[in-house]
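Nothing here was measured: the structure is a model prediction, and the numbers come from that model. These values consider heavy atoms only, across backbone and side chains, with no hydrogens, waters or symmetry-generated copies.
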Amino acid sequence: MILLAHFLLVAIAVLLVPESAVRAVGHEILFLTGGIGIWRYGWGLVHVARGLVWRRLVFPDLRAQADALAARPEAGGNELFLIVTSYRIELDTTLACWRSVIAEAAAWNGRVTLVASIVERADEIAIQRLFDLSGLPDRVRLLVVRISGEGKRRALGIALRGVSRRVPSAGAVVGVMDGDTVLPPGTLARTVPFFALDPALGGITTDEKPFTVGERFPFSSWHRLRFARRHQTMSSLSLSGRVLAMTGRFSLFPAEVAIEPDFIAAVENDGMDHWRLGHIQFLTGEDKSTWFHLLRTGRRMLYVPDVQVATIEHPPPGGFVQASRKLVLRWSGNMLRSGGRALALGPARVGPFLWWTLLDQRISIWTPLVGPIVALLLSFTRTPWALLFYLLWVMFTRSLQTLLLLTTRNRVEGSWPLLLWYDQVALALVKGRALFRLDRQRWTRQNIASRAVATGWRAVLIEAGAVYCQLLGVLALVAVLAIWTGVLPLPLEGR
């Protein structure tokens, strides 16, 4: 109903706008924002169409093959290793996660080793007690790995080496998940058999359903919106045998891949060299490191759209704007650091569709700023009606984008159009900040930040360079748009 009200309001406003206002604004805002909009929304429609093809036409056949393979009497259960990392997670969340993990281990018909990678003694006691009281068969074992609070990368590296020392059998599978993820019944039975269908498959990840602690609005709605869009994009990319990240919330790998020294090194000690910032040691983004390793080694990836794990979201302290800015800064930094490396591999290695998607991620840092910049320029130099036209454009296009998300979710929310604008436009500046500060990294829950290598005047110069580059980029965009709209006329030659 709210979306219908949006469309009706836009239609009424368009009818009431005087013709003089249209002439005062001119054609620039229509052709510029409209032209870029056609390009951006056209690209979005490509993802929508490809996602539908994957979920409705291609994947059902794969699902039938995987289920038939798992149902064969001679098909034995693969040996499984499930690594669960927990650090500073509420006890209720930890117990919910482990209850689901233990239930899945009990339902699996092969050997299972549950690896608890934890920091606090209290977590060890709670997990061990829950395991002991579950009455699991001998084929299910619990391995507790206690580590110091050095971050998730270190925890995963130690856990993967622990798996390696147990010499997994042929066909074994390693699962990696966070301690704030809850697996629905049948998760393993509906994911692991896909590895038997494709020997070149290097990783599997699934859909996610967020549950925000406290249901803080608009945080809860924003999370649901982002995961709906993620579902759309991941489905589209899976049509090409690729995804955007092997998410740490829940992903599966063949054991032969997960225990490779290069794979463990990528998880534990990944980094990159930057022309201005020097060597950047990665703190966050281990899901991008495993993804990049699979890309570099030519492994295929699979997105399973009909398995939806539950993720328990704990928003950072502060209001919505402050907390969302922190999260987007971390996510964007991870995307840009590993995305740049993937682009350097070239479309032949990465695949042309994923390669263009990664390039589009960088372009989309700037394109959402075009509309508000043009509207502001024209409102200051011509008429305030330009802001109204931009507002109507935002209401119409974001409501339409929200309706398209009905292809991925059973229902959409009335707050999504405004949150879409916020996610695309208001946070574009945050993404731009991450683009020029690739060395800035912070875990929000663990409160662990990357250590700056530079100190003193060198640190000041590096920050000054970041400010200069970002400011130069924004000013260049404003100048181009001012020239295009005639706000900043160019001198004619020969005069």
Side-chain angles (χ1 to χ4, degrees), residues 51 54-55 58-70 75 77-85 100-101 104-105 107-108 110 112 115 156 160 163 168 170-178 181-209 227 230-260 263 266-267 286-311 351 354:
W54 173 251
R55 293 190 301 273
V58 177
F59 182 77
D61 184 52
L62 293 177
R63 165 57 65 203
Q65 294 180 49
D67 289 347
L69 184 65
N78 301 62
E79 182 181 14
L80 290 179
F81 295 84
L82 285 182
I83 300 173
V84 185
T85 58
S100 72
V101 168
E104 283 298 288
W108 190 249
V112 182
V115 184
L156 282 175
L160 287 171
V163 171
V173 174
V174 175
V176 176
M177 59 182 290
D178 287 343
T181 300
V182 177
L183 304 180
T187 296
L188 296 178
R190 293 175 63 79
T191 52
V192 175
F194 285 104
F195 285 109
L197 292 179
D198 186 358
L201 187 59
I204 292 175
T205 194
T206 69
D207 189 14
E208 300 176 15
K209 183 177 183 178
F227 279 90
R230 173 188 180 273
H231 185 51
Q232 190 176 77
T233 305
M234 295 284 265
S235 297
S236 171
L237 287 168
S238 195
L239 196 60
S240 301
R242 301 288 190 270
V243 294
L244 275 177
M246 295 305 302
T247 175
R249 292 301 182 88
F250 179 72
S251 291
L252 298 168
F253 306 90
E256 63 184 54
V257 172
I259 64 174
E260 288 177 355
F263 185 91
V267 169
E286 80 291 336
D287 56 341
K288 290 290 189 179
S289 295
T290 55
W291 166 79
F292 180 72
H293 176 83
L294 297 182
L295 276 182
R296 185 171 54 84
T297 55
R299 292 273 186 166
R300 290 176 58 81
M301 305 168 213
L302 179 72
Y303 179 68
V304 179
D306 62 353
V307 174
Q308 191 178 58
V309 302
T311 63
L354 174 60

Backbone N/O of [Y] and side chain of [X]: donor-acceptor pair under 3.5 Å:
X: E79; Y: P168; value: no
X: N78; Y: G171; value: yes
X: E256; Y: A170; value: no
X: S100; Y: P184; value: no

Report yes if the side chains of [X] and [Y] come closer than 4.5 Å at any heavy-atom pair, otherwise no.
X: V174; Y: V163; value: yes
X: V309; Y: D207; value: no
X: V304; Y: R190; value: no
X: V267; Y: S289; value: no
X: V84; Y: D178; value: no
X: V112; Y: L188; value: no
X: V192; Y: L252; value: yes
X: I83; Y: M177; value: no

Closest approach of [X] to [Y] (non-hydrogen atoms, all atoms of both residues):
X: P305; Y: S235; answer: CB-OG, 4.4 Å
X: A70; Y: P193; answer: CB-CG, 3.8 Å
X: L197; Y: P199; answer: O-CD, 3.9 Å

Point-to-point distance, once rounded to the nearest 0.5 Å, from [atom1] of [X] to [atom2] of [Y]:
X: S251; Y: D287; atom1: OG; atom2: CG; answer: 7.5 Å
X: L80; Y: L82; atom1: CG; atom2: CG; answer: 6.0 Å
X: L302; Y: D198; atom1: CG; atom2: CG; answer: 8.0 Å
X: L354; Y: L244; atom1: CG; atom2: CG; answer: 6.5 Å
X: H293; Y: R299; atom1: NE2; atom2: CZ; answer: 8.0 Å
X: L237; Y: Q232; atom1: CG; atom2: CD; answer: 11.0 Å

State which residues pass ring pair (Phe, Tyr, Trp, His ring centres under 6.0 Å) with F59; sequence neighbours excluded, sorted by chain then number.
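Result, ring pair (Phe, Tyr, Trp, His ring centres under 6.0 Å) vs F59: W54, F194.
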
Decide side-chain contact (heavy atoms from CB on, under 4.5 Å) for W291 and M301; before the verdict, give the C-alpha distance in whole Å, the side-chain angles of both, and the deciding distance to 0.1 Å.
CA-CA 9 Å; W291 166 79; M301 305 168 213; 3.5 Å; yes

Before you tell me yes or no, could you show the steps for F195 and F253 under ring-ring contact (aromatic ring centres under 6.0 Å, His included), namely the whole-Å CA-CA distance, both residues' side-chain angles and the distance that decides it to 0.1 Å?
CA-CA 9 Å; F195 285 109; F253 306 90; 8.3 Å; no

Can you list the steps and then say if H231 with Y303 is a side-chain contact (heavy atoms from CB on, under 4.5 Å)?
CA-CA 9 Å; H231 185 51; Y303 179 68; 2.6 Å; yes

Could you walk me through whether R296 and F292 pass side-chain contact (heavy atoms from CB on, under 4.5 Å), step by step?
CA-CA 6 Å; R296 185 171 54 84; F292 180 72; 4.0 Å; yes

Please name all residues satisfying side chain to side chain contact (heavy atoms under 4.5 Å, CB included) with S236, sequence neighbours left out, ordered by chain then number.
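Once residues adjacent in sequence are excluded, the partners of S236 under the side chain to side chain contact (heavy atoms under 4.5 Å, CB included) criterion are H47, R50, F353.
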
Hey, mind stepping through T181 and R249 against side chain to side chain donor-acceptor pair (under 3.5 Å) and telling me if it holds?
CA-CA 6 Å; T181 300; R249 292 301 182 88; 4.8 Å; no

Report yes or no: do Q308 and T206 form a side-chain donor-acceptor pair below 3.5 Å?
no

